[in-house]
Amino acid sequence: MTTATPMPPKHIWVITGPAGCGKTSVAEALHATFNMPYLEGDTFHSPANVQKMANGEPLTDADRWDWLITLREAAVAALLSSPSSPSTTNGTNSSSTTASANNVVVTCSALKRKYRDVLRIAAYPYTQQQQHTPPIRVHFIFLGTSEAILMDRVRARQNHYMKDYMVHSQVESLEAPMEDERDVLSVDASGTSVEVKRLAEGVVRGVLERE
């Protein structure tokens with residue numbers, strides 16, 4: 001009797017942190033380097049949420065729940081729509097194909113632990129269908145830097161609904177990841193965009209190479 005080979009896990013990489021930390025540029029870099037699908041979290045906000053932020057009104061928890069659930073379900077759907085590929089760790093095209101099939105990168109500020117907990121549910125086999133699919137692992141790449149740096153970066157943006165005065169609100173709301181949040185990988189986002197992207201790529205590569 002032969003034993004079925006376990007399916008390799010699929011990964012959701014959530015790029016987190018306040019406005020200005022570099023979530024989009026890091027996600028785009030991971031998308032390009034590892035050929036993984038990319039979901040921009042802001043595009044999943046309701047029009048009402050976008051309007052509130054454009055008016056300088058912070059979102060409430062009630063505003064965020066449906067957004068977080070929609071984003072989580074979209075990430076899971078992106079993973080489950082791609083067939084699993086055997087895991088490889090070299091730098092060949094096969095590893096790029098594996099990343100495309102087994103990974104998705106998502107941007108989401110996830111400022112509070114309870115928001116991260118909503119996204120963590122993606123790793124639970126909570127439906128009969130998902131109990132027969134590859135395991136899903138959720139990783140948070142937390143981009144941390146000072147409020148002053150965040151403010152400077154947001155001020156330099158053009159035509160973006162997130163205004164610089166909202167940075168302080170986000171920093172005040174931030175619940176930095178705790179030691180028991182073992183799925184959080186912290187990256188120093190104080191450097192240049194190139195430096196931050198290189199650090200984030202190294203974190204992802206390290207996880208994938210351990211499999």
From the list K10, M36, H11, side-chain contact (heavy atoms from CB on, under 4.5 Å) partner of L79 resolves to K10
So CD of E28 and CD of E40: to nearest 0.5 Å the spacing works out to 8.0 Å
task = Walk me through it: do V207 and W13 pass the test side chain to side chain contact (heavy atoms under 4.5 Å, CB included)?
result = CA-CA 11 Å; V207 172; W13 301 92; 3.6 Å; yes
Got W67 and C108 here, is their nearest side-chain heavy-atom distance under 4.5 Å?
-> yes
Notebook entry, point to check: Do D61 and K112 have side-chain heavy atoms sitting under 4.5 Å apart?
Noted result: yes
| Could you go step by step and tell me if E195 and D188 meet the side chain to side chain contact (heavy atoms under 4.5 Å, CB included) rule? | CA-CA 9 Å; E195 292 169 339; D188 181 0; over 6 Å; no
Legend entry - Contact check, side chains of N103 and L208, non-hydrogen atoms, under 4.5 Å: yes
Minimal heavy-atom distance between L143 and A189, with the atoms involved, is CB-CB, 3.8 Å
Are any of the side-chain nitrogens in K114 or D117 under 4.0 Å away from the carboxylate oxygens of its partner? no
Exactly one of E147, M151, R153 clears side-chain contact (heavy atoms from CB on, under 4.5 Å) with I149, and that residue is R153
Side chain to side chain contact (heavy atoms under 4.5 Å, CB included), that's the test. Do H139 and V203 meet it? Break it down for me.
CA-CA 10 Å; H139 312 269; V203 164; over 6 Å; no
- Query: Taking side chain as C-beta onward, heavy atoms only, is R120 less than 4.5 Å from E181?
  - Reply: yes
Interatomic distance, CZ@R64 vs OG@S46, rounded to 0.5 Å, equals 11.5 Å
For L119 and V138, the nearest pair of non-hydrogen atoms, with its separation, is O-CG2, 3.9 Å
Looking only at heavy atoms, the pair that brings E201 and F34 closest together is O-CZ, 3.7 Å
For S25 and G22, the nearest pair of non-hydrogen atoms, with its separation, is OG-O, 3.1 Å
When every non-hydrogen atom of S190 is compared with those of T145, the smallest separation belongs to OG-OG1, 3.0 Å
Derivation of the side chain to side chain contact (heavy atoms under 4.5 Å, CB included) call for V118 and I69: CA-CA 7 Å; V118 172; I69 292 169; 4.1 Å; yes
Is there a side-chain contact between P8 and N102 in this structure, where contact means two heavy atoms from C-beta onward sitting under 4.5 Å apart? yes
Test item: L111 and P18 side chains (from C-beta on) under 4.5 Å apart, heavy atoms
yes
CZ of F142 to CD1 of I15, rounded to nearest 0.5 Å, is 12.5 Å
Here the gap from F44 atom CZ to T107 atom OG1, rounded to the nearest 0.5 Å, amounts to 9.0 Å
Do V204 and T33 make a side-chain contact, defined as non-hydrogen atoms from C-beta onward lying under 4.5 Å apart? no
Closest non-hydrogen atoms of L150 and G20, given as atom of the first, atom of the second and distance, are CD2-C, 3.4 Å
Here the gap from D183 atom CG to R137 atom CZ, rounded to the nearest 0.5 Å, amounts to 12.0 Å
*Side chains of L199 and V26 in contact at under 4.5 Å (non-hydrogen atoms)*: no
